Structures are given as structure tokens and as C-alpha cells.
Amino acid sequence: MEIRFLGGAREIGRSAVLVNDSLLLDFGMLTGNPPQFPVGSPDPDAVVVSHGHLDHVGTVPSLLSGDDRPPIYWTPPTYELALTLARDTLKLHGGSYRCPFTENDIKRVTEVTETHGYREPFEAAGHEVTFYDAGHIPGSAHVLVDDGDTRLLYTGDFHTDDQRLVAGTTARPDADVVVCESTYADVEHDDRDEVAEEFAQSVKTTLWEGGTVVVPAFAIGRTQELMLVCEAYDIPCYVDGMGKQVTETLRQYPGFVRDADRLRRAKSHARFVTGREGQRKRIADQKAAIITTSGMLSGGPAMTYIPEIRSNPTNKITLTGYQVEGTPGRELLETGSAEIDGRRMPVAAQVEAYDFSAHADRDGLRSFLEPYRDAELLIGHGDRCEAFAAELRETGYDASAPELGETRRL
């Protein structure tokens, strides 16, 4: 088996792995200014996608811009989420260098799609492929690829602990080679229930004091997780941005969430914002939590809410996901001010951060990899891939961190 790393090697973003020059695993983008896309110009016979986050699926429609029409395989929720992300990218950046595809390319995606559930083997570009539940977001999958000689496990993004929205992964299929993510290889997550309790009590305190809490959140996975927390703790909340559409999509696939009835109750508990004229400014004056995109304050309805609530120290902004360096969210955490919608704004409102990560931490990664001591481990999708691979070698693993564009023959 031959594997070429077109993205996600010693970095987080634009994940893309080409197997045997024919089967492409993921094709994402690395958001930034400018955005970055996978290297090379792959011409795969088939594409398999692990899950519906921008860094894994954001560039997939561009594969259909030429004459070739490779089939695309994914779980049903991943397919729906990929279309949502593609349409949003086209709406925001269509016709610019930030969007490498067109409306016609998105239409072609619908024509070549084939969906599969977990543990249902299928054939793609001469390989036997099987999805296993990765416990990251609804529809996320580990991808097992068998070319008849070698069994490759591409982990995608995964979590070993339960979240409210999805249960942690328990799948450990036999494999000769494992391409493993390492996002939180140097972090130990706090207990999830304790994080939710701390978050809920902080929000309730602010509401009791007469303030408003803006909760920037990623649309896919994080928004729904926080809706479930708000319902569990009876916190009045609004939901705004793409998370509304994603919630409706996920409710169509009850078999891919941990508790469909619980998600239904959370949806009923929350109030979805329509965005009609003046509505957001009125909501910003209410004693409620406002769960809204974007999770790193780089766009979306958060651009309306933050300016409205920033001057009152009773109000609060609770960041609930990793803030990439250079984003307004990261600036806000580090300096107390941020560039919001083109203007630099000091923020008097309280700013807090909570670890609701959907990735395995150091212990989770180690426990996942324990059955693969006899396999070759290729570490990617992280800020310290080389260091984590070295740590694994010290404990007896055959581990390394491929470079961007590198080809490995196994």
C-alpha cells in the first residue's frame, strides 16, 4: 500500500490522504486568510469522507470541477452536513479565491454520492472500505481500508468519552497501519460533567445578575451539545446561525445521535432566531444565553451580538471551543479586545473559556492506540505530531509523523 499525505500532516486543517493513487480519504480546507487547500492535484477514482467538518470536507466539491466524476462515499449525516458547509462557503466566498468550487460542482456532489452506515463494508476504487463510529460528531467515522495486502485504519477525528450528543468510540478494528489524529495529544480534558456544571452555574449567575451571555459555538456538534446542556440545566437560550439548520438536519438521523428524544427536548426548549429586522438587538438585552456562530468570532450573527453586549461588565462571553491563533476569539481571550466585523473593540464583558472538545485527549489517544502496538502508526492532524510520535516510540510503538506531501510505502 502507498499513502500520500496531501494535507493534515504536522498541521490541523485541510486533511487529505491519497491511498494507492486511487482512493482519496477526506479533502478539507485550512481556514485562514488566505485559506489553504490540499497540495497537489489528485485525480482519484473514488473519495471517502470521514465526517462533516470544514477541515475534512470543505474542498470536496472542487474534485468535480473537471471532466471526472469520482463517486463520494460517506455516512448520511456527513453527506447532508457537507452540502450545508459547501453552500455556506459558496454564499460567503463564491467567485473568490476562498471558494474553489461553483454551484454546479455542488450539484454534481449530489449526483455521485453513495451513503453507508457503520460496519457495512463496501467497495471503493478496488478497496474494501468500512465505517466505524468515531464518537466525534453525528455521522463521524473511522475509515478502515483493505487493499487485499494491507489494512489501513484512518481514524478521522474521534473521542473516546461520551458527550451528550454522541457516545464515545468503542471501535478498534484490526489494522496493520493507523493514521491517527493528535489534536489534543498534550492536553488532559477536565471531566465533561464537571465542565457542563461549571458552565451552567456561570451562565445562571450572570442571568440572575441581570446580564446576557453570548455563547459562540461551532454550528456542527458544539451548538447541539450546548443546547442539550441548557435544556438539562433549564437555562433559557436562543440559537442563531448555521447551528439552526444543522440541528434540523441531525434530527432527521436519530440513529446517529446518542439520545434522539433528548435532542428533541433540547430543540423545543431553545428559541431559534429568525434574524428579522431588529430581533438580534432586542435579544441581546434579554436575560438569556445566546448560542451562535461563529465559534471563533470570525463571522456570523456573533458579529451583531458582541458589539451589543460588550460594554456591560455584567454580561459574559463564554468561548466553548479551541480558538485558533490569529482568530478574533483567540485575541479576545489573550488581550480583552478583538477585531469584530472590521472594527477593533475593547470588551468590558467577562470572557470565559470552557473545554467542550469533541476530540480525544492525551489519555484517550493512548487508550485508543493500545491495541495497535504491532501496527505502524502515522501521526497527523495536530500541532505537535513529531513530539507525540516520539513519545509513542519511547513506549514501544512504531510511530512517526509524515511531512506534508510525503509518500509512504507500506
Side-chain angles (χ1 to χ4, degrees), residues 1-9 14-29 37-53 55-76 78-79 82 101 105 108-109 111-132 134 139-158 171 173-181 375-381 402-410:
M1 179 179 286
E2 183 177 281
I3 307 175
R4 185 179 179 209
F5 292 84
L6 307 180
R14 59 172 174 181
S15 291
V17 175
L18 187 61
V19 180
N20 292 331
D21 206 32
S22 63
L23 180 64
L24 183 62
L25 308 179
D26 286 348
F27 205 60
M29 67 170 63
F37 308 110
V39 299
S41 301
D43 184 19
D45 296 323
V47 183
V48 174
V49 178
S50 66
H51 69 280
H53 272 156
D55 58 334
H56 290 257
V57 74
T59 317
V60 165
S62 69
L63 295 167
L64 306 176
S65 61
D67 295 330
D68 295 324
R69 301 287 185 272
I72 304 172
Y73 303 89
W74 30 27
T75 64
T78 298
Y79 165 57
F101 51 81
D105 299 334
R108 290 168 186 151
V109 169
E111 297 168 353
V112 299
T113 278
E114 187 174 316
T115 59
H116 292 274
Y118 298 132
R119 300 176 184 269
E120 299 174 359
F122 58 92
E123 191 274 337
H127 302 76
E128 182 181 87
V129 178
T130 311
F131 290 140
Y132 294 86
S140 63
H142 304 305
V143 182
L144 184 67
V145 178
D146 189 341
D147 68 356
D149 295 317
T150 304
R151 289 167 62 88
L152 166 70
L153 177 62
Y154 175 72
T155 68
D157 293 350
F158 67 93
D174 290 339
D176 306 304
V177 182
V178 180
V179 176
C180 185
E181 70 126 314
E376 181 174 353
L377 307 185
L378 303 176
I379 305 301
H381 198 288
E403 297 182 35
L404 184 65
E406 183 176 348
T407 297
R408 292 289 184 94
R409 291 173 178 81
L410 310 167

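Everything numeric here is computed off the predicted structure, so don't read it as measured data.
Residues Asp26 and Val17 form no side-chain contact, since every pair of their non-hydrogen atoms from C-beta on lies 4.5 Å or further apart. Proximity of Ser140 to Asp157: side-chain heavy atoms (C-beta onward) are nowhere separated by under 4.5 Å. Contact annotation: the side chain of Phe27 approaches that of Pro42 to within less than 4.5 Å [non-hydrogen atoms, C-beta and beyond]. The shortest distance between side-chain heavy atoms of Pro402 and Thr407 does not fall below 4.5 Å. Side-chain atoms of Ser50 and His56, non-hydrogen and from C-beta on, do get closer than 4.5 Å to each other. Two residues are said to be in side-chain contact when any heavy atoms from C-beta on lie closer than 4.5 Å; Asn20 and Val145 fail this criterion. Counting only heavy atoms from C-beta outward, the side chains of Val179 and Leu25 never approach each other to under 4.5 Å. When side chains are defined from C-beta on, Val19 does not count as touching Val48, because their heavy atoms never get closer than 4.5 Å.
Across all their heavy atoms, Gly28 and Thr59 have their closest contact at O-OG1, 2.8 Å. Closest approach of Pro44 to Pro70, counting heavy atoms only: O-CB, 3.5 Å. Here the closest non-hydrogen pair linking Leu144 and Ala175 is CD1-CB, 4.3 Å. Across all their heavy atoms, His51 and Val57 have their closest contact at O-CB, 3.9 Å. Among all heavy-atom pairs drawn from Gly58 and Phe101, the shortest one is O-CE2, 3.4 Å. A pairwise comparison of heavy atoms in Ala125 and Asp45 identifies CB-CB, 3.9 Å as the closest pair.
With rounding to the nearest 0.5 angstrom, the CG atom of Leu378 is 5.5 Å from the CD1 atom of Ile3. Separating the NE2 atom in His127 from the CE atom in Met1 is a distance of 5.5 Å, to the nearest 0.5 Å. Here CD of Glu376 is found 5.0 Å from CG of Leu410. Values are rounded to the nearest 0.5 Å. Between the CD1 atom in Ile72 and the OG1 atom in Thr78 there is a gap of 12.0 Å [rounded to 0.5 Å]. For the atom pair CZ of Arg14 and CG of Asp55, the computed distance is 12.0 Å after rounding to the nearest 0.5 Å. Rounding to the nearest 0.5 Å places CG of Asp68 at 11.0 Å from CZ of Arg108.
Among Tyr132, Phe122, Tyr79, Trp74, the one residue that satisfies the ring pair (Phe, Tyr, Trp, His ring centres under 6.0 Å) test with His116 is Phe122.
No side-chain donor-acceptor contact under 3.5 Å links Thr150 and Asp176. Between the side chains of Ser62 and Ser65, not a single donor N or O lies within less than 3.5 Å of an accepting N or O.
No side-chain donor-acceptor contact under 3.5 Å links Thr115 to the backbone of Pro76. Arg69 contributes a side-chain N or O that, together with a main-chain N or O of Gly66, makes up a donor-acceptor pair within less than 3.5 Å.
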